[in-house]
Amino acid sequence: MEPKRIVIIGAGFGGLTAALTLARHSLARHAYQILLIDKNPYHLYTPALYEIAALPQEEKPASTLKTVVTIPLDTICARHHGLTFLQDALVGIKERESCVILRDTGTIKYDYMVLAFGSQTNYFNIPGLTQYTCSFKNFTDAIRIRNKIASVYAAQSSIKVIICGGGASGVELAAECANYLTTLASHQNSRYTHQIILVEAAQKILPGFHEKLRIRTEKRLKKLGVILKTGSTVKRADTRTLFLNDETQIPFDICIWTGGIQGQDPVEKLNIKLSAKKTLFVNMYLEITPRLYAIGDIAEVRHPRTNQILPASVPVAEAEAKSVAYNIIASVQGNPQRPFMPWQQYPFILALGKKYALADLVVCRISGSPAWILKLLVEFRYFLFLLPLPRALMLWYKNIRAYAAND
Ligand SMILES: Cc1cc2nc3c(=O)[nH]c(=O)nc-3n(C[C@H](O)[C@H](O)[C@H](O)COP(=O)(O)OP(=O)(O)OC[C@H]3O[C@@H](n4cnc5c(N)ncnc54)[C@H](O)[C@@H]3O)c2cc1C
């Protein structure tokens with residue numbers, strides 16, 4: 001008898017958590033195979049990307065750094081009976097026939113499917129952004145930013161960096177860039193000067209974050225020399241200038257856009273109704289239609305009490321993944337599904353240069369090096385979820401060494 005199949009598209013935080021949670025429940029006994037599909041051969045650890053973007057070029061080659069933030073999916077999946085990884089890209093779904101269309105493999109049948117293919121940068125059709133700014137979503141983006149900083153400094157002794165978007169990734173990148181450029185200047189006897197400007201459309205940075213955390217972050221950024229320009233909407237960009245709605249023009253050497261996200265490209269080809277941000281609507285079980293689920297950044301999930309859309313973050317993607325895994329297991333075993341019950345708020349740790357972080361743990365907030373150590377411990381716990389102890393330790397050690405290069 002042909003085994004039944006649970007197909008998961010996207011091996012990011014959501015997809016991988018769903019795959020591993022399902023694999024640990026030995027669904028193979030029920031003749032189910034889990035097929036995890038990703039267009040890349042690796043899982044990307046995004047919370048460490050800002051470190052890669054702000055590391056001296058001579059410190060570590062890109063190939064070495066790649067092993068710090070990416071984990072081969074073959075290695076992760078090989079440990080689990082009934083879980084297979086396939087490198088391929090989703091191009092479409094034939095929902096009526098329960099089939100997924102992949103770029104290289106063609107059509108595959110599924111019994112359950114989880115869409116977890118994440119988000120991409122949203123430029124909101126603002127003229128010049130795609131041509132003249134760098135995005136900050138993946139490893140290639142991080143390396144491009146790092147190389148650009150190096151090439152500007154090779155040609156001149158001052159650098160002007162604009163980071164557009166005062167959300168978590170823009171704030172972390174601004175702090176780490178400030179740290180990096182200050183360290184560089186001190187090594188070069190202050191021959192180098194720099195200016196970092198963080199532009200945010202809202203009146204305050206970190207919209208949606210706790211007020212106390214936001215105030216502390218502002219203080220920290222100012223201490224690091226980052227100039228905050230809030231309440232400023234970007235109108236357009238050209239090769240070297242950013243134009244704001246208040247008619248301000250800011251010249252730059254590097255402009256990085258972290259101003260928004262939307263659903264990944266293939267979502268438009270799926271023939272499924274989309275939100276304005278090209279995300280997928282789901283019901284309380286995180287289903288689009290029966291046996292077809294969406295989780296993580298690609299899903300528009302609202303809190304049942306507040307009706308607020310849940311933020312795009314790792315803890316949210318993981319919580320949704322666990323809920324979907326539970327519901328698939330329940331369904332396979334003939335039990336009723338359980339509605340997804342999100343927390344009112346999810347914990348978040350912001351790394352803000354050197355060994356300094358701010359952690360909002362919902363019940364309390366901590367700052368400075370204790371929050372930094374907590375970030376490292378959370379990281380280790382996650383690596384241990386994916387890998388056996390020796391490999392998790394090795395990866396963690398590599399990460400700590402990369403972090404230390406700038407501190
Ligand atoms: C620079 C940066 C830093 C961040 N830092 C933090 C942080 O510190 N804390 C936090 O909570 N959140 C952070 N986030 C947000 C967090 O990374 C996302 O919310 C989270 O990764 C969402 O998980 P996901 O599974 O939905 O998508 P992702 O983790 O993005 O995974 C999507 C996967 O789908 C794959 N994929 C895409 N298209 C296709 C296709 N067509 N076919 C097959 N596979 C495909 C991709 O290769 C990827 O592996 C950060 C994001 C960025 C960009």
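Keep in mind that the numbers below use all heavy atoms, side chains included, and drop hydrogens, waters and symmetry copies. What you see is a predicted model; the values in this text were computed from it and never measured. Every number for a ligand or one of its atoms is a count from 1 in the order of the listing.
Heavy-atom contacts of P266 reach the following atoms of ligand 1: 41 (N) (cutoff under 4.0 Å). Annotation for ligand 1: atoms under 4.0 Å from non-hydrogen atoms of G296 are 26 (O).
Between W396 and F380, the ring centre distance stays below 6.0 Å.
Of the candidates N40, L350, D297, T258, it is D297 that places a heavy atom closest to atom 20 (C) of ligand 1. Looking at I261, V314, L16 and measuring to atom 13 (C) of ligand 1, the nearest heavy atom belongs to V314. Of the candidates I9, T46, D38, V69, the one placing a heavy atom closest to atom 51 (C) of ligand 1 is T46. One option in F117, F136, Y346 has a heavy atom closer to atom 36 (N) of ligand 1 than any other, and that option is F117. For the residues A116, G14, G10, the heavy atom positioned nearest atom 32 (C) of ligand 1 is part of A116.
Among protein heavy atoms, atom 21 (O) of ligand 1 sits closest to F13 CD1, 3.3 Å.
Taking the centre and axis of the six-membered ring of Y110, the NZ or CZ atom of R5 falls outside the cone set by 45° and 6.0 Å.
Here the rule is ring pair (Phe, Tyr, Trp, His ring centres under 6.0 Å) with Y45, and of F383, F139, F385, Y50 only F383 fits it. A side-chain hydrogen bond (donor to acceptor under 3.5 Å, both in side chains) with D360 is found for one member of K212, Q345, H210, R214 and no other, namely Q345.
Side-chain contact check for Y192 and Q156: no donor-acceptor pair (N or O, by modelled atom type) lies under 3.5 Å.
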